[in-house]
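A short write-up of the structure that comes next.
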Amino acid sequence: VGEIEMTKKFNNVDSIIFDLDGTLWDSRKEVASAWSEVIRGYDYERKEVTFQEVNDLMGKTIDEIEDILFPKLPKEKRTEILYECCENENSYLRKYGAKLFDNLESTLDTLSKKYRLFIVSNCQRGYIEAFLDYYNLNKYFEDHECPKSAEIVKSDNIKLIKNRNNLKNPVYVGDTQGDANATKDAGLEFVFASYGFGNVDEYQYKIEKIEDLLEL
């Protein structure tokens, strides 16, 4: 499909489903700090997770992250460490927050007057809640979803949000090829947030900053 000009408007769209990392906020620095705190407590060759490593992990599932960070450990130990990392991450973000993209809340406020808004992210339980609670953004979003098991992929959760909330024609906004693939598998149009963490080959719409959604 390639790039379509910004002059193209949403056609009969009734709702917008957002990715979180790289789309609504940037938590890479905070996640690296929270995970490194945990990893240093284990007798393992890895003693930290860097900002760049967190960047490269964004959008991946928990199982994929375990395999990348702890390839020499048995599955049970990988899961134990990453679970503790994620729990510490949630606590860290509830305490310190992370960097919202510029003009996010004003954009959400305007969009919410016309569209129903949702979040679907490949994160652990409690992560979306930490984002919403720290910045008091719950009032803009009706529902959200993250994987409840390794068998559930992002396209499943996009479809779950659509069906659970009786959405007729939602679009999905994300920043990675994984987001684009999941959106296509779910049968939705994709809005590429090019200011985020990834590159995407095909999309129906492209935005260079979050408030570009208002032009669509």
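A quick note: this is a predicted structure, and the numbers were derived from the prediction, not measured.
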Looking at [Y] and [X], is any side-chain nitrogen of the basic one under 4.0 Å from a carboxylate oxygen of the acidic one?
| X | Y | value |
| --- | --- | --- |
| Lys75 | Asp63 | yes |
| Asp185 | Lys154 | no |
| Arg164 | Asp143 | yes |
| Glu53 | Arg46 | yes |
| Lys99 | Glu30 | no |

Within 6.0 angstrom of [X] [atom1], more than 12 heavy atoms from elsewhere:
| X | atom1 | result |
| --- | --- | --- |
| Lys159 | NZ | yes |
| Glu76 | CD | no |
| Lys72 | NZ | no |

Would you confirm whether the ring centroid of [Y] sits within less than 6.0 angstrom of the ring centroid of [X]?
| X | Y | value |
| --- | --- | --- |
| Phe141 | Phe118 | no |
| Tyr205 | Phe10 | yes |
| Phe101 | Tyr195 | yes |

Backbone N/O of [Y] and side chain of [X]: donor-acceptor pair under 3.5 Å:
| X | Y | answer |
| --- | --- | --- |
| Asn165 | Ile161 | yes |
| Arg40 | Glu48 | no |
| Asp26 | Arg28 | yes |

Got a sec, which residues hit side chain to side chain donor-acceptor pair (under 3.5 Å) with Ser36, two or more places apart in sequence or on another chain?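 Residues passing side chain to side chain donor-acceptor pair (under 3.5 Å) with Ser36: none at all.
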Indicate yes or no: at least one non-hydrogen side-chain atom of Leu104 is less than 4.5 angstrom from one of Leu24.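 Yes. Closest side-chain heavy atoms under 4.5 Å.
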If you define the side chain from C-beta out and look only at heavy atoms, does anything of Ile17 sit under 4.5 Å from Val171?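 Not touching, per the 4.5 Å side-chain cut-off.
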Once the angle between the rings of Phe190 and Phe192 is folded into 0 to 90°, is it parallel (under 30°), tilted (30 to 60°) or perpendicular (over 60°)?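 The rings of Phe190 and Phe192 lie parallel, inter-plane angle below 30°.
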